[in-house]
Amino acid sequence: MGSSTIKDSCACRRVLFGAEPILGMKMSSCLRLAAWAALLLGARAWGADAPFDLIIAGGHVIDGTGSPWYTADVGIRHGRIAAIGKLKSAAAKQRVDAAGLVVAPGFIDMLGQSEFTILVDPRLPSKIYQGITTEITGEGTSPAPMSGHARDEAAQILEHYGLTADWESLGEYFARLERSGLGINLASYVGATTLREVVIGGADRPATAAELERMRALVREAMREGAVGVSTSLEYAPAPYASTEELIALAAEAAPYGGIYATHMRSEGDGMAAALDETFRIAREAHIATEIWHLKVAGKNNWGRMPEMIKRIEAARASGLDITADTYAYTAWFNEMSAFVPPWAHDGGNEKMVARLKDPALRARIVKDIRTPSAAWDNEWDEVPGPDSILVGVVKNPALRGLQGQTIAAIAKSRGKDPLETLLDILVEDNGFTSCAVFGMQEDDVGLALVQPWTSINNDSSGTSPEGILGEEHPHPRAYGTFPRILRKYVREEHRLSLEEAIRKFTALPAQRMRLTDRGALKLGLWADVVVFDPQIVADRSTFASPNELAVGMRWVLVNGVPVIADGKMTGAKPGQVLRGPGYTPAAARR
């Protein structure tokens with residue numbers, strides 16, 4: 001080999017591995033060597049001389065980028081996409097006939113709530129039958145750090161599911177997941193509410209300088225252990241007790257690690273203009289990419305204001321703020337029924353709130369505040385059309401199980417009591433645990449939010465199952481139906497979205513936002529999170545009356561190249577991975 005050839009070869013190696021090229025290098029020579037090296041590295045990495053583990057043959061490939069579909073075979077080897085093209089003659093351990101079916105990247109749930117239920121049933125059938133292969137969790141509260149008041153507040157739900165929190169740090173929680181196995185991939189934020197509970201407790205007061213520094217240190221620790229960012233859920237106490245300045249300080253700690261600030265804003269109703277201002281300020285002053293969870297305009301007084309919200313978000317984006325949002329595209333939300341109680345009454349935590357509801361004088365004050373319209377807090381009672389718009393969801397007290405699926409109006413009538421008093425009675429009887437669906441949005445606003453190019457999709461529900469203790473609950477139908485419902489309603493029936501655009505919102509868009517550089521598209525070398533479904537029959541079956549119904553239409557769902565649904569049936573495999581954020585430092589997680 002001549003010296004000039006060696007020189008070009010060395011230069012190309014620098015280009016491939018990130019070093020500076022040599023000036024005067026012949027580009028054509030470099031490109032030939034780069035191509036040769038890439039092929040050689042690819043062959044070594046994916047075992048090009050070995051049979052494929054699985055070939056998905058002849059499907060309509062929608063790659064996640066928004067590009068039109070095309071027909072191709074997809075070859076998978078060692079958990080990754082190893083080939084896309086004509087693979088008719090290629091050897092494979094298994095071959096799936098996808099003729100007439102869509103082959104797409106696995107769907108990414110931008111806000112799940114499965115941090116505990118994944119320990120109850122790691123398969124998460126409600127998720128995989130929707131095509132969800134990756135979930136991001138941690139809405140304001142996160143599974144860690146788990147100590148002090150945060151552990152106390154999590155005790156009821158852990159007891160409900162028969163779980164023991166044998167972890168304290170996020171790194172220890174992730175290790176617990178990996179020991180148990182996961183049916184899907186999972187990533188988590190660190191929640192600002194949880195940090196407050198660990199450091200301050202449930203008290204309604206500002207953080208001291210020392211407390212704020214401790215919370216900031218916990219953010220840094222969580223980021224090094226793999227958190228994808230810091231999150232808030234500012235409607236639910238004790239989160240409303242935090243000042244904007246406190247939130248900026250916490251978000252600013254996540255930013256240098258490549259983290260995201262994600263928020264359930266302080267108000268999604270009458271106070272939403274001020275809540276948007278706060279969100280923009282946090283993004284600007286913390287220098288952090290920001291995700292607005294479940295974008296909505298809540299409450300009958302605000303219906304029709306989605307164009308205003310969109311205009312303001314687009315103006316913020318035009319100014320240089322990296323703001324995006326997501327939606328679940330239903331007209332009812334689902335949350336803790338204690339959200340109807342004003343924030344001051346939550347001071348000290350759940351037990352203190354229940355005690356106040358039992359105290360006649362304090363209860364009278366609570367009722368007066370709820371009945372008084374106010375933009376100072378997210379007053380859901382003022383936002384709903386009436387008590388028939390509130391549907392009891394999950395209860396913990398077995399004596400109340402018969403109330404699941406009934407409206408507050410119907411329960412109040414059967415008890416012969418005032419609807420608001422009935423709601424508060426249920427909270428007392430269930431020790432503050434009850435959750436509910438609230439019909440507080442209108443379809444025009446929901447649909448408009450969905451079609452924005454910067455809006456991805458969240459399920460906003462924990463993974464569940466028709467079986468066991470999870471099957472005894474009465475969740476929002478979105479728990480089983482969000483993604484298939486969008487494909488049925490907004491793609492197939494109403495033509496509000498093209499199939500390619502819907503898939504982009506399910507895959508590449510959220511992967512881009514979450515820095516998942518090796519997922520979210522069907523491209524060579526990426527992890528093989530793949531769905532194969534019939535676009536003519538894919539649909540939700542879950543309803544508010546009968547929520548525990550699995551979606552239909554998913555023929556195959558692969559997580560990291562392993563089928564969790566094969567030929568329409570759940571396999572029970574647990575090939576999911578913990579997805580750690582860009583600031584992850586293995587040494588920090590092992591401490």
Side-chain angles (χ1 to χ4, degrees), residues 156-157 160 235-237 267-270 294 296 298-303 328 330-343 345-346 350 353-360 362-374 377-442 460-461 472-479 542-548:
Q156 274 209 102
I157 191 166
H160 176 66
E235 180 183 350
Y236 310 119
S267 175
E268 298 170 319
D270 295 345
H294 41 64
K296 66 171 72 75
K300 58 186 184 297
N301 297 329
N302 301 301
W303 290 349
Y328 45 76
Y330 284 82
T331 56
W333 62 81
F334 195 82
N335 60 8
E336 298 169 356
M337 205 157 74
S338 60
F340 283 94
V341 177
H346 292 261
N350 182 70
M353 180 202 70
V354 173
R356 292 183 183 102
L357 290 174
K358 294 177 179 178
D359 182 292
L362 291 175
R363 176 146 169 168
R365 180 185 167 191
I366 290 169
V367 169
K368 180 181 178 182
D369 282 1
I370 293 174
R371 294 192 188 280
T372 303
S374 173
W377 63 289
D378 208 11
N379 188 340
E380 293 192 4
W381 188 263
D382 181 51
E383 292 172 352
V384 299
D388 57 341
S389 300
I390 306 166
L391 187 78
V392 173
V394 181
V395 300
K396 182 170 183 280
N397 183 348
L400 302 177
R401 192 70 52 79
L403 302 184
Q404 292 185 161
Q406 294 192 50
T407 67
I408 291 296
I411 297 168
K413 183 177 180 180
S414 68
R415 292 186 174 193
K417 295 194 70 172
D418 172 80
L420 177 53
E421 295 288 355
T422 298
L423 184 151
L424 300 178
D425 285 346
I426 293 170
L427 283 173
V428 171
E429 293 164 23
D430 206 25
N431 198 35
F433 183 87
T434 317
S435 59
C436 59
V438 182
F439 294 82
M441 293 174 276
Q442 71 163 2
D460 200 13
S461 292
E472 296 174 2
E473 299 183 340
H474 194 99
H476 192 300
R478 69 190 182 195
S542 179
T543 65
F544 286 97
S546 182
N548 292 303

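We use all heavy atoms of the structure for the numbers below, so side chains are in, but hydrogens, waters and symmetry mates are not.
Rounding to the nearest 0.5 Å gives a distance of 14.0 Å between CZ of Arg356 and CG of Leu424. Note that the OG atom of Ser374 and the CG atom of Asp369 stand 8.0 Å from one another [nearest 0.5 Å]. Taken to the nearest 0.5 Å, the CZ atom of Arg371 stands 11.0 Å off from the CG atom of Asn379. Distance check, rounded to the nearest 0.5 Å: NZ of Lys358 to CZ of Arg363 gives 11.0 Å. Taking OH from Tyr328 and NE2 from His476, the interatomic distance works out to 6.0 Å, rounded to the nearest 0.5 Å. The structure places CD of Gln406 at 14.0 Å from CD1 of Ile390, a figure rounded to the nearest 0.5 Å.
In plain terms, the two heavy atoms of Tyr236 and Ala339 that are nearest each other are CE2-CB, 3.5 Å. Smallest separation of non-hydrogen atoms from Val438 and Phe340: CG2-CZ, 4.1 Å. Counting all heavy atoms, side chain and backbone alike, Asn350 lies closest to Asn431 at ND2-O, 2.9 Å. When all heavy atoms are compared, the tightest approach of Trp381 to Ile370 is CB-CG2, 3.4 Å. Closest approach of Leu391 to Gly405, counting heavy atoms only: CD1-O, 3.1 Å. Ala345 approaches Ile366 most closely through the heavy-atom pair CB-CD1, 3.8 Å.
At distances below 3.5 Å, at least one donor-acceptor pair connects side-chain atoms of Ser414 with backbone N or O atoms of Ile411. Distance alone, capped at 3.5 Å, places no donor-acceptor pair between the Ser435 side chain and the Glu336 backbone. In this structure a side-chain-to-backbone donor-acceptor pair under 3.5 Å is missing from Arg478 to Tyr330. A donor-acceptor pair under 3.5 Å is absent between the side-chain atoms of Thr434 and the main chain of Asp430, judged by distance alone. At least one donor-acceptor pair under 3.5 Å links the side chain of His474 to the backbone N or O of Phe544. In terms of modelled atom types and a separation under 3.5 Å, the side chain of Lys300 and the main chain of Pro385 share no donor-acceptor contact.
Residues Met441 and Trp333 form a side-chain contact, since some pair of their non-hydrogen atoms from C-beta on lies under 4.5 Å apart. The closest side-chain heavy-atom distance from Glu235 to Ser267 is not below 4.5 Å. Under the 4.5 Å side-chain criterion, counting only non-hydrogen atoms from C-beta, Glu383 is in contact with Asp378. For the pair Gln404/Val395, a side-chain contact is recorded, criterion being any heavy-atom separation below 4.5 Å from C-beta on. Put simply, the side chain of Leu400 does not reach to within 4.5 Å of the side chain of Val392, judged on heavy atoms.
Residue pairs meeting the side chain to side chain donor-acceptor pair (under 3.5 Å) criterion with at least one member in residues 388-398, sequence neighbours excluded: Glu159-Lys396.
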- Query: Which is it for Thr331 and Gln442 under the side-chain contact (heavy atoms from CB on, under 4.5 Å) test, yes or no, and what are the steps along the way?
  - Reply: CA-CA 6 Å; Thr331 56; Gln442 71 163 2; 5.8 Å; no

- Task: Assess whether side-chain contact (heavy atoms from CB on, under 4.5 Å) is satisfied between Leu362 and Leu357, documenting all intermediate values.
- Result: CA-CA 7 Å; Leu362 291 175; Leu357 290 174; over 6 Å; no

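With hydrogens and angles left out, the side-chain atoms of Glu380 and Asn335 include a donor and acceptor closer than 3.5 Å. For the residue pair Arg415 and Thr422, no side-chain donor N or O sits within less than 3.5 Å of a side-chain acceptor on the partner.
Residues satisfying the side chain to side chain contact (heavy atoms under 4.5 Å, CB included) criterion with Asn548, sequence neighbours excluded, are Pro475, Tyr480.
Taking the six-membered ring where tryptophan is involved, the planes of Phe433 and His160 are tilted, since the angle between them lies from 30° to 60°.
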